[in-house]
**Q** 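Once you've had a glance at the structure underneath, I'll fire off some questions.
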Amino acid sequence: MQRLLSEIRVVFSEEVRRSIRRKQYLIVTFTPVVILLVLALTVPLVRGFFSGDGSNADTSASGRVIAVVNLSPDFTFEQRDSAEIKVFAGRETGIAALQAGDADDLFIIPADYVQTGRIEWLHTDSGLSSVIAGDESEDRMRALVLQALTSAEFSADRMERLQDPLNLTRFEVTPNGDVVAEEEGQILTFFTVPFLSAWIMIMVIYMVSGTLLQSVSEEKENRVVELLITSVSPLALMAGKVLGLGATGLLQVGIWLVSLAALVPRIVSAFPNIGDLALSPGLAAAIVVFFLAGYFVFAVIMAGLSAATVSAREASSLSSIILLPALAPLILASFISLAPNGVFARILTFIPFTASPTMMIRLGVTDVALWEIALCLVVTFGSGLALLWLSARVFRAGILIYGQRMSLRRLWLAIRHAT
Amino acid sequence: MASALNVDGVKKIFGHNTVVDGVSFTVEPQEIMGLVGPNGAGKTTTIRMALDIIRPDAGSVALFGSAPNRQALQRVGYLPEERGLYQKSALSDVLRYLGRLKGLSAKAAQSRSDAMLQRVGLYEHRAKKVQALSRGMNQLAQFASALLHQPDLVILDEPFSGLDPLNVQVMKEIISEQQQRGAAIIFSSHNMEDVEEMCERVVLVSGGNVLLYGGLDELKRARGIQNIRVAAPQQPADVPGVTHTTVEDGQFEYLLVEGADPNAVLRSFLDSGIPVERFEVALPSLRDMFIEEVSRARSA
């Protein structure tokens, strides 16, 4: 066991060393960082030049019109009535103004606002545009409410509201005039960190599997592989490659994420709600674990595939087919997020190839039972280990096949010969 | 002391093709064993079975007295026939990596790599990418990599192919040094002269079967006197008891049939009035034995 670990460590460090020295790797890693850096330096200057004011949104710096209906006896808004903020006395008049297009968003402040913080947010937009455009309105409403809260006498309730001024419930006003409540989390599904993480995982799998295929194919084409397998076990060679190239892929993503975190808020200061993407430690840990589990399953398949094929090109075309199941949950994300605990989502959760991305999406939109999380992990890691064992045999058998197209029959014979 | 390698009746079948059929031989420490045979004889398959790259369908292999496990394989240095190195890496880095895979520490791998590169005359090129080296340099580098960890068994599959005479000489010297150090060496080659020069014992394989196996001198003597070399301006119309004639540098070399009298050859020259400058009775060369045995096996 100690020898195996030592062999894995040597292969791992060599793969990392060789990968991070590749020009292609350095270019792919640092080009987005440089672009972000340039944007971070230039965008505020350009914005300042055009707007003359680089400060964040306030109650008046926008072309979007909001309507307010205040039913709370604790403060008044009449004095704030202006071109950008229209104040209405009643709910029906506010909705009529919204439907007439006199306002883009309508905020209804109920009588118990100071106690609950609850505000109804009505709009006529739908889909992603409602989220993007809504950020601006939400900021202005927050500023408006904070001004109102601070202009009156302080009380314990008010102090609490100052800390948490908006508990928004969104409603869409349809063209027929119906007011439809949006399901909690439905709109933001597409922006949840777990969903983004699933995409990043697929991206890493694609990148790393490409490098993995290239690495093994090169060793086969260079004939180095015969030397390697007389020096280390196929299992150690494969595991070292999977881990080493995985680490370089994660390093790459890590550099991008750090750059994004550091530079994007400076660039996209018009999207202050980016802070909402913060994660609870538990969810973050779950994402990391499922990320690694998903990567593990596909990376070991790719290693076996690369050994079983003749050239990098052949391996690459086959890998696209194999990676399709990992993409399926992302393509079907809207179905999964609409019924995250439904039968369909659950089935995908327990299929090794779709388990990780599906679970990431589910975790982003709902609470998933602990047993499901545990079973999903067991299925994914268990099948990953089984695939590792099988791939090591394919690796050992296929690694010496030069210049012959691999058929299923030949693969089967080769696996038998590897025993 | 256990044999470095003991191959016992190994057999390998790919599909319906028996590539190796009951090959047996032993390699002792500090000996150079020649593994010879025509193309497709099963030499490389036998080597791969000895190194546990593929498993035999029958028979067994023992490396240093035990099954070829990881521990035993770490004591083997291998120069495969189909060779190559990481083309885009620096030569020194490649050797250090291969040394580390053989269990050397990073420091030892570096110092051994430097020493071996100096020994094969490539130290000045250590920072170059492998793809920038000539084919001969590549081959020397891979030869060096096979010896980095001072293996107890060195397997060299066609080590001299494509090398110039100067580099061949360097390699021969290093092989000799390895033997003196105590390593057992398997030397697989098509070039019978090289094998004859370097090896004490040989295994001749053809069609997956062992045709000859043993000490080179013993094998030659066992065949009796079969070769006659005659230096003369011409040869008679009929030379008795000869199966094969070679003419080289004004010298006639005759391979005699079994039991033929060498003196009858000399008499045929003198009876024909051809002056003989030199007459030499020689043991058969490995090349002669190779041709004879392989031809016989193929016609059987």
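Chain naming here is simple, since letters A, B, ... match the order of the sequence lines and numbering starts at 1 in each.
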**Q** Which atom names give the shortest non-hydrogen contact between B:K102 and A:S231, and what distance separates them?
**A** CE-OG, 3.2 Å
**Q** Find the distance between CG (B:L85) and CG (A:L227) and round it off to the nearest 0.5 Å.
**A** 7.0 Å
**Q** Pick one of side chain, backbone, both or neither for B:Q87, based on which atoms fall under 4.5 Å of a heavy atom in chain A.
**A** both
**Q** Kindly indicate whether a cation-pi arrangement holds for A:R18 with B:Y97, taking the cut-offs as under 6.0 Å to the six-membered ring centre and within 45° of the axis.
**A** yes
**Q** Tell me, for B:L98 versus chain A, whether the close heavy atoms (under 4.5 Å) come from the side chain, the backbone, both or neither.
**A** side chain
**Q** Got a second to check how far B:T44's OG1 is from A:E226's CD, nearest 0.5 Å?
**A** 8.0 Å
**Q** Which heavy-atom pair separates B:R70 from A:I229 by the least distance, and what is that distance?
**A** NH2-O, 3.4 Å
**Q** For B:K172, give me all partners under salt bridge (Lys or Arg N to Asp or Glu O under 4.0 Å), at least two apart in sequence or on another chain.
**A** B:D194, B:E197
**Q** By a 4.5 Å heavy-atom criterion (distance strictly below it), what part of A:R22 contacts chain B: side chain, backbone, both, or neither?
**A** neither
**Q** Can you tell which of B:L51, B:D93, B:L73 has the highest number of heavy-atom pairs within less than 4.5 Å of chain A?
**A** B:D93
**Q** Which heavy atom of A:V224 sits nearest to which heavy atom of B:G84, and what is that distance?
**A** CG2-O, 3.5 Å
**Q** Flag the one option from B:Q71, B:R96, B:K88 with the top tally of heavy-atom pairs under 4.5 Å to chain A.
**A** B:Q71
**Q** Nearest 0.5 Å, what's the CD-CZ distance between A:E14 and B:R100?
**A** 9.5 Å
